[in-house]
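Here's the structure, in structure tokens; my notes come after.
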Amino acid sequence: MASVSAPSATAVSPLAPRLPPAKALHLSTPFKKNKSKADAAAFHSTHPPLRPSIASPLLRLRPQAQGADYSSPPPPEDATGAAEETFSWSSVIVPFVFPALGGLLFGYDIGATSGASISLQSAELSGTTWFNLSAVQLGLVVSGSLYGALAGSLTAYPTADFLGRRRELIAAATLYLVGGLVTGCAPDLVTLIIGRFIYGIGIGLAMHGAPLYIAETSPSQIRGTLISLKELFIVLGILLGYLVGSVEITAVGGWRYMYGLSAPIALIMALGMWSLPPSPRWLLLRGVQGEGSIENYKQKAISALQKLRGRPAGDKISEKQIDETLISLKAAYAEEEPEGSFLEIFQGASLKAFIIGGGLVLFQQITGQPSVLYYATSILQSAGFSAAADAARVSVVIGFFKLVMTGVAVLKVDSLGRRPLLIGGVGGIVLSLFLLAAYYKVLGSFPLVAVGALLLYVGSYQVSFGPISWLMVSEIFPLRTRGRGISLAVLTNFGSNALVTFAFSPLKELLGPDNIFLLFGVIALLSLAFVIFYVPETKGLSLEEIETKILK
């Protein structure tokens with residue numbers, strides 16, 4: 001879900017991907033094959049060939065203490081011939097935290113809605129005269145933000161490359177702020193749904209822009225960890241929503257506070273993103289794509305990288321990194337159009353990537369994940385925790401457990417690999433869903449079975465679909481179609497999320513909870529087969545190795 005997407009121990013440059021060896025040896029000659037030998041000679045007279053170890057550029061990164069002299073010569077090469085870039089951890093945290101707040105606000109909406117859906121329908125607690133909502137009306141309130149996220153995903157597809165990651169996230173924060181205030185102050189149901197929709201547009205933009213900004217500004221050595229940590233922020237948001245819900249569940253009009261408290265966090269996100277520079281890699285891409293002077297964009301990229309890494313103006317390390325990245329981008333686009341077309345995403349390597357990434361985020365949702373989270377409090381009530389306050393408190397316990405299991409996934413994803421965690425986690429999801437079905441069918445006198453099944457579901461999801469789906473979406477698409485491919489994956493995610501969330505209440509009334517969880521269990525079995533037969537292992541591979549070894 002979040003939600004938001006991996007890098008290996010052998011990392012590439014923080015800005016430029018490492019090209020396959022065949023291309024790496026020619027990075028200093030970014031001209032088309034049909035150029036004459038004279039042209040090539042002229043180019044080489046002003047652009048001496050780079051060593052393969054730099055031209056790749058395959059860099060290993062190491063933390064550097066504050067106050068280091070960035071004007072000193074580059075560090076020596078290691079045994080493999082690869083240079084090591086230095087960075088300070090303090091310079092990494094800020095460019096990660098503010099984009100990750102977009103994921104936290106997405107998670108907060110999930111957790112807050114769990115309690116707000118009960119508060120809103122209570123004659124004593126809603127504080128309204130329109131509390132008696134039908135199943136369809138409740139479905140619109142709960143899934144309203146998800147339909148907004150769909151609209152945000154559709155908006156991101158044609159505009160994200162133009163806006164850039166930073167401005168996209170500023171727009172997302174603004175929509176979060178407006179949506180939270182409108183929802184919290186809604187005088188009637190229609191206004192409430194409109195506020196939920198506006199908030200959801202912010203979700204769609206944030207879940208597209210955040211993984212891109214984090215990936216393009218993080219040192220490559222820790223890029224995978226940071227993208228996975230974005231999922232941890234989503235879980236923190238869910239937990240925060242559960243906590244606010246448990247505090248406000250007995251207050252009259254408590255649902256207004258549950259939704260409205262997202263506004264201050266959105267304001268912090270907007271101010272934080274405003275203080276950050278654009279993605280240096282995006283700036284270079286705009287130059288290579290002919291949107292302006294390459295030299296102008298190059299200088300902006302150098303300045304942005306210096307600010308991101310906390311380096312002084314004029315340091316040579318940032319200039320060298322930008323030069324290497326620019327050479328790589330020119331070489332990558334020398335024989336092709338700068339941007340992939342819409343149809344290219346459904347061809348060749350990009351199609352295979354979309355089947356893998358899109359399939360993961362689709363199964364992530366249609367195995368019941370949004371239903372279990374959005375309706376966790378209601379499920380706990382039906383399981384024997386009849387008081388709204390009791391159910392809200394148990395949902396907080398589930399939120400803490402979800403947080404712990406997410407931490408396990410973040411720590412193990414690079415050592416165990418993607419496939420083992422996916423297979424084990426999805427297997428646990430299958431078992432938990434069949435346990436929930438069995439509880440409603442024959443084990444109704446054992447409410448702890450439902451609680452245990454929910455914990456198993458949450459834990460299994462958080463070591464599999466939760467972080468790894470977005471991690472693989474971030475790394476599986478080829479460079480040329482990565483922005484649009486992620487847009488389509490986000491669209492698939494929120495489209496299926498909204499559909500399942502909206503349909504859960506009517507289907508629950510039509511089929512009963514036992515059969516609805518049985519249906520989710522069967523779908524989870526299909527998702528397990530998909531993971532086993534279609535999802536590759538990408539541990540230890542660079543982005544370009546994934547493209548050349550797996551997608552082709």
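Basis for what follows: all heavy atoms, side chains included, without hydrogens, waters or symmetry-related copies.
- Among residues two or more places apart in sequence or in another chain, the side chain to side chain donor-acceptor pair (under 3.5 Å) test is passed with T174 by none.
- Looking only at atom types and distance, the side chain of S432 has no donor-acceptor partner in the side chain of Y461 under 3.5 Å away.
- Here the closest non-hydrogen pair linking A437 and F517 is N-CB, 4.0 Å.
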Can you list the steps and then say if F98 with L169 is a side chain to side chain contact (heavy atoms under 4.5 Å, CB included)? CA-CA 9 Å; F98 289 116; L169 288 169; over 6 Å; no
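- With V92 as reference, L226 is the one residue of I214, L226, T217 to meet the side-chain contact (heavy atoms from CB on, under 4.5 Å) rule.
- Paired with L120 under the rule side-chain contact (heavy atoms from CB on, under 4.5 Å), one option of L192, L189, L125 passes, and it is L192.
- The closest side-chain heavy-atom distance from L308 to V94 is not below 4.5 Å.
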Could you walk me through whether L422 and F465 pass side chain to side chain contact (heavy atoms under 4.5 Å, CB included), step by step? CA-CA 7 Å; L422 277 172; F465 278 146; 4.2 Å; yes
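- Side-chain contact, Q364 with N493: a donor N or O sits under 3.5 Å from an acceptor N or O.
- Two residues are said to be in side-chain contact when any heavy atoms from C-beta on lie closer than 4.5 Å; S119 and M258 meet this criterion.
- Here T155 pairs with nothing under the side chain to side chain donor-acceptor pair (under 3.5 Å) rule; sequence neighbours left out.
- Among all heavy-atom pairs drawn from F233 and V97, the shortest one is CE2-O, 4.3 Å.
- The shortest side-chain heavy-atom distance between V244 and V247 does not fall under the 4.5 Å cut-off.
- Nearest approach of E168 to L205, heavy atoms of both residues: OE2-O, 3.3 Å.
- E216 and S279 share a side-chain donor-acceptor pair at under 3.5 Å.
- Taking the side chain as every heavy atom from C-beta outward, L138 and V142 approach each other to under 4.5 Å.
- Residue pairs that meet the ring pair (Phe, Tyr, Trp, His ring centres under 6.0 Å) test with at least one member in residues 165-195, sequence neighbours left out, are Y176-Y199.
- Taken to the nearest 0.5 Å, the OG1 atom of T128 stands 10.0 Å off from the CD atom of Q121.
- With sequence neighbours left out, the side-chain contact (heavy atoms from CB on, under 4.5 Å) criterion links L403 to L232, V235, L236, L239.
- In this structure, S275 contributes its side chain and G272 its backbone to a donor-acceptor pair below 3.5 Å.
- In this structure a side-chain-to-backbone donor-acceptor pair under 3.5 Å is present from R419 to V535.
- Remark: L421 CG to I468 CD1 distance equals 4.5 Å, nearest 0.5 Å.
- I486 has its side chain within reach of H208: a pair of non-hydrogen atoms, C-beta onward, lies under 4.5 Å apart.
- By the side-chain contact (heavy atoms from CB on, under 4.5 Å) test, Y534 pairs with F530, sequence neighbours left out.
- Looking at Q365 and V361, their side chains never come closer than 4.5 Å, going by heavy atoms from C-beta outward.
- Annotation: the span from L431 atom CG to S460 atom OG amounts to 7.5 Å, rounded to 0.5 Å.
- Side-chain atoms of Q462 and T406 form a donor-acceptor pair, as typed in the model, at a separation below 3.5 Å.
- Put simply, the side chain of Y213 reaches to within 4.5 Å of the side chain of L276, judged on heavy atoms.
- Residues meeting the ring pair (Phe, Tyr, Trp, His ring centres under 6.0 Å) test with Y257, sequence neighbours left out: none.
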For S114 and Y242: C-alpha separation, side-chain torsions, deciding distance, then whether side chain to side chain contact (heavy atoms under 4.5 Å, CB included) applies. CA-CA 7 Å; S114 179; Y242 283 155; 3.6 Å; yes
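- Proximity of a side-chain donor or acceptor of S496 to a complementary backbone N or O of T492 within less than 3.5 Å is detected.
- Inter-residue side-chain proximity for V190 and W130 is flagged as unmet; no heavy-atom pair is nearer than 4.5 Å.
- I198 meets the side-chain contact (heavy atoms from CB on, under 4.5 Å) test with L175, V178, I194; sequence neighbours excluded.
- For the pair R167 and W274, the cation-pi criterion (under 6.0 Å, within 45° of the ring axis) is not fulfilled.
- Minimum heavy-atom separation, G195 to V182: CA-CG1, 3.6 Å.
- Aromatic rings from F520 and Y457 are positioned such that their centres are separated by 6.0 Å or more.
- Between the side chain of S117 and the backbone N or O of T113, at least one donor-acceptor pair lies under 3.5 Å.
- Within the structure, the salt bridge (charged side-chain N to carboxylate O under 4.0 Å, His left out) test picks out no pair touching residues 242-255 (sequence neighbours left out).
- The ring pair (Phe, Tyr, Trp, His ring centres under 6.0 Å) pairs that include a residue from residues 401-423 number zero, where partners must be two or more places apart or lie in different chains.
- Screening residues 464-474 for salt bridge (charged side-chain N to carboxylate O under 4.0 Å, His left out) gives no qualifying pairs among residues at least two apart or on separate chains.
- At least one donor-acceptor pair closer than 3.5 Å links the side chain of R256 to the backbone N or O of G184.
- Taking OG from S262 and CG from L181, the interatomic distance works out to 7.5 Å, rounded to the nearest 0.5 Å.
- Residues that satisfy the salt bridge (Lys or Arg N to Asp or Glu O under 4.0 Å) test with K441, not counting sequence neighbours, are D514.
- Listed by chain and residue number, V136, Q137 satisfy the side-chain contact (heavy atoms from CB on, under 4.5 Å) test with S134 (two or more places apart in sequence, or in another chain).
- Side chain to side chain, T183 and R196 fail the donor-acceptor criterion of an N or O pair below 3.5 Å.
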